[in-house]
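One structure below.
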2 protein chains.
Amino acid sequence: MHTQQAHIGPGAISVSASAPSGIEVTPGLNFPGFTMRFGRNEEIFGQAEEADFIYKVVSGAVRTFRVLSDGRRQVVGFHLVGEVFGVERGESHRCSAEAVADCEVALVRRSVVNKASDQDHTAARWMWGLLSADLERLQDHMMLLGRKTAVERVAAFLLEMSHRAPCAGGLDLPMSRSDIADYLGLTIETVSRTLTQLERDRTIAIPSSRRIVLQNRAVLNDLDS
Amino acid sequence: MHTQQAHIGPGAISVSASAPSGIEVTPGLNFPGFTMRFGRNEEIFGQAEEADFIYKVVSGAVRTFRVLSDGRRQVVGFHLVGEVFGVERGESHRCSAEAVADCEVALVRRSVVNKASDQDHTAARWMWGLLSADLERLQDHMMLLGRKTAVERVAAFLLEMSHRAPCAGGLDLPMSRSDIADYLGLTIETVSRTLTQLERDRTIAIPSSRRIVLQNRAVLNDLDS
DNA sequence: CGCCCTATTGAGGGAGATCAACTCGGGTGG
DNA sequence: CCACCCGAGTTGATCTCCCTCAATAGGGCG
């Protein structure tokens with residue numbers, strides 16, 4: 001169902017030279033690190049794998065997800081340009097991460113960040129902020145998955161993406177319908193049908209399948225409750 | 001639908017004397033604080049309210065949840081004896097919290113914890129651990145809400161409760177079917193039907209509606225995938 | 001142009017929701 | 001002590017939203 005490729009971890013050939021100044025994880029906070037490139041659907045890290053790094057999207061987009069033994073998949077989150085992912089407790093990752101589209105990712109050693117956090121409150125607070133922002137998003141998403149209808153889920157998704165991506169004149173979705181469906185707890189068919197329904201209502205326009213223009217945000221906001 | 005009562009915040013009459021030694025939030029880590037009692041369904045804190053405290057369940061049980069404007073409710077989590085809740089980023093709570101049953105709760109000022117975290121890595125790490133344990137649980141729960149069937153959800157719930165509560169010879173559920181339903185993204189009817197189905201299969205026994213004996217954990221574990 | 005992958009559309013079925021009746025148990029008051 | 005009541009839980013009948021299966025349409029790239 002989903003392309004499974006060999007894991008290419010840190011140290012593999014796709015490592016590129018790190019910027020000499022290090023990785024700026026957030027304005028004013030730099031860490032030594034390096035960048036890597038990943039092709040579409042390539043694995044960045046796997047569930048239960050050692051969590052030695054934290055990651056920041058430089059270009060492209062990333063999905064984190066979990067799978068059940070029978071293949072059912074739940075996308076936990078999408079990570080767009082500038083966003084940090086892979087921040088976890090302890091030793092190992094609890095999600096897998098894959099490139100949604102070709103992308104470039106900056107890596108910083110967890111040990112480096114941990115040491116900085118112990119010495120510098122700025123770094124500690126930054127990490128704390130990352131984790132709790134994630135928590136907040138996950139709580140919103142639980143509401144969506146547990147209690148919202150298909151239209152409401154799709155509306156919430158469109159609004160979320162439009163807030164997180166610079167959307168001058170319409171969204172450019174990096175992810176497939178299958179990714180969206182697994183994020184929203186729906187099937188690709190339902191996602192597709194719901195989008196065309198919203199298009200018929202003139203709430204959105206879909207010039208091409210990955211490009212969506214929000215024509216009536218008021219309706220979407222209403223659906224978002 | 002749910003009993004809405006006036007909020008009784010810190011400083012209200014139900015405050016009882018704090019233990020002179022302070023609140024032991026985790027073995028070896030004490031903070032000055034005090035305890036309060038809440039009756040069944042009483043509000044402990046409300047969504048968007050100032051998050052001045054963190055809370056620990058001394059006795060009874062607590063639910064945290066969110067509601068949509070039309071009353072649909074999603075229970076984000078249950079908090080049993082010994083567990084800490086209300087740890088959030090920044091200023092305000094993102095969930096409401098209510099007493100599932102009569103309970104006693106210990107409160108510690110956030111400012112106290114923050115100060116301790118800045119000076120002592122033990123406290124900082126403890127907070128970090130709390131937050132990321134929550135995150136982990138929420139990710140599991142997203143999988144449940146997004147992709148699991150009713151039986152799988154109920155099985156997962158029973159196993160979760162049996163792991164978190166001392167369950168010598170059966171669970172004693174503090175929460176109603178309605179709470180369970182809103183936690184699992186189902187209706188009370190479906191929860192009830194699923195439980196009786198599991199009872200007919202001899203997977204569980206239900207001596208009384210709040211008491212459940214796990215007779216065949218293997219089946220439940222299989223359903224938990 | 002033809003291939004392949006992604007997306008859309010249609011027809012039909014099913015898991016769970018909804019609506020409604022009934023049962024159970026615990027508390028209260030006569 | 002029993003009758004009554006009320007909330008919680010169970011069970012039944014029906015409906016519906018979304019899933020499943022299947023066919024068709026687009027669109028990027030060789």
Side-chain angles (χ1 to χ4, degrees), chain A residues 1-3 39-41 63 68 70-74 100-102 144-155 157 171-200 204-212 223, chain B residues 1-5 39-41 63 68 70-74 100-102 144-155 157 171-200 204-212 223:
Chain A
M1 179 175 293
H2 305 290
T3 322
R40 200 162 70 93
N41 293 329
R63 61 175 169 259
L68 292 179
D70 64 358
R72 277 175 290 177
R73 186 178 71 150
Q74 177 65 46
V100 163
D102 292 354
L144 181 149
L145 293 172
R147 289 299 178 213
K148 289 193 177 178
T149 65
V151 216
E152 291 170 341
R153 295 182 198 206
V154 171
F157 171 74
L171 304 175
D172 255 315
L173 300 177
M175 70 289 284
S176 68
R177 295 289 187 268
S178 166
D179 285 331
I180 300 173
D182 286 347
Y183 182 54
L184 300 180
L186 300 169
T187 60
I188 45 176
E189 294 95 331
T190 300
V191 171
S192 184
R193 269 187 258 270
T194 306
L195 284 171
T196 51
Q197 181 200 320
L198 288 171
E199 189 182 26
R200 270 196 294 270
I204 61 173
I206 315 179
S208 84
S209 74
R210 296 291 181 100
R211 179 159 195 80
I212 293 182
L223 286 168
Chain B
M1 179 175 294
H2 306 291
T3 322
Q4 289 302 330
Q5 303 191 8
R40 198 163 72 96
N41 294 329
R63 61 175 170 259
L68 292 179
D70 63 359
R72 278 175 289 176
R73 187 178 71 151
Q74 177 65 46
V100 163
D102 290 354
L144 181 147
L145 293 172
R147 287 301 178 211
K148 289 192 177 178
T149 65
V151 216
E152 291 170 339
R153 295 182 197 205
V154 171
F157 171 74
L171 305 176
D172 256 315
L173 300 177
M175 70 288 285
S176 69
R177 296 288 187 269
S178 166
D179 286 331
I180 300 173
D182 286 348
Y183 182 52
L184 300 180
L186 300 170
T187 60
I188 45 176
E189 293 95 332
T190 300
V191 170
S192 184
R193 270 187 257 271
T194 307
L195 285 170
T196 51
Q197 180 199 321
L198 288 171
E199 189 182 27
R200 269 196 293 271
I204 62 173
I206 314 180
S208 85
S209 74
R210 297 291 181 101
R211 179 159 194 81
I212 293 182
L223 285 169

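Only heavy atoms go into these numbers, but all of them, side chains included; no hydrogens, no water, no symmetry mates. Each chain gets a letter, A, B and so on, in the order the sequences are listed, and its residues count up from 1.
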What are the two closest heavy atoms between [X] and [Y], and how far apart are they?
X: B/I188; Y: B/A181; value: N-CB, 3.6 Å
X: A/R147; Y: B/L186; value: NH2-O, 2.7 Å
X: B/R177; Y: B/V191; value: CD-CG1, 3.9 Å
X: B/R153; Y: B/L184; value: NH1-O, 2.8 Å
X: B/V151; Y: B/T194; value: CA-CG2, 3.7 Å

Separation of [N] [atom2] from [X] [atom1] (nearest whole Å):
X: A/N41; N: C/dC5; atom1: CG; atom2: C1'; answer: 12 Å
X: A/L173; N: C/dA7; atom1: CG; atom2: P; answer: 10 Å
X: A/R177; N: C/dC5; atom1: CZ; atom2: P; answer: 18 Å
X: A/L195; N: C/dT6; atom1: CG; atom2: P; answer: 17 Å
X: A/R200; N: C/dT8; atom1: CZ; atom2: C1'; answer: 11 Å
X: A/R210; N: C/dC5; atom1: CZ; atom2: C1'; answer: 11 Å
X: A/K148; N: C/dA17; atom1: NZ; atom2: P; answer: 18 Å
X: A/R72; N: D/dC19; atom1: CZ; atom2: P; answer: 13 Å

Kindly write out the residues that satisfy salt bridge (Lys or Arg N to Asp or Glu O under 4.0 Å) with A/R211, not counting sequence neighbours, or none if the list is empty.
A/D172
Check whether any side-chain nitrogen or oxygen of B/R153 sits under 4.0 Å from OP1 or OP2 of C/dG16, and answer yes or no.
no
Should A/T196 be listed as having a side-chain N or O under 4.0 Å from OP1 or OP2 of C/dT9?
yes
With the side chain defined as heavy atoms from C-beta on, B/A150 is closest, among C/dG16, C/dA7, D/dG9, to C/dG16
Among the nucleotides C/dT9, D/dT10, D/dA8, whichever has the atom closest to the side chain of B/S192 is D/dT10
So A/L186, base contact, sugar-phosphate only, or nothing? Heavy-atom distance under 4.0 Å.
sugar-phosphate
Classify B/I188 by what it touches in the nucleic acid, base, sugar-phosphate, or nothing, heavy-atom distance under 4.0 Å.
nothing
Can you work out whether A/R147 or A/M175 has the more 5'-proximal nearest nucleotide on DNA chain C?
A/M175
Side chain to side chain contact (heavy atoms under 4.5 Å, CB included) assessment of B/Q74 paired with B/L145
CA-CA 11 Å; B/Q74 177 65 46; B/L145 293 172; 3.9 Å; yes
Which parts of nucleotides 20-30 of chain D does protein reach within less than 4.0 Å, heavy atoms only, written one letter per nucleotide 5' to 3' as B for base, S for sugar-phosphate only and - for none?
BB---------
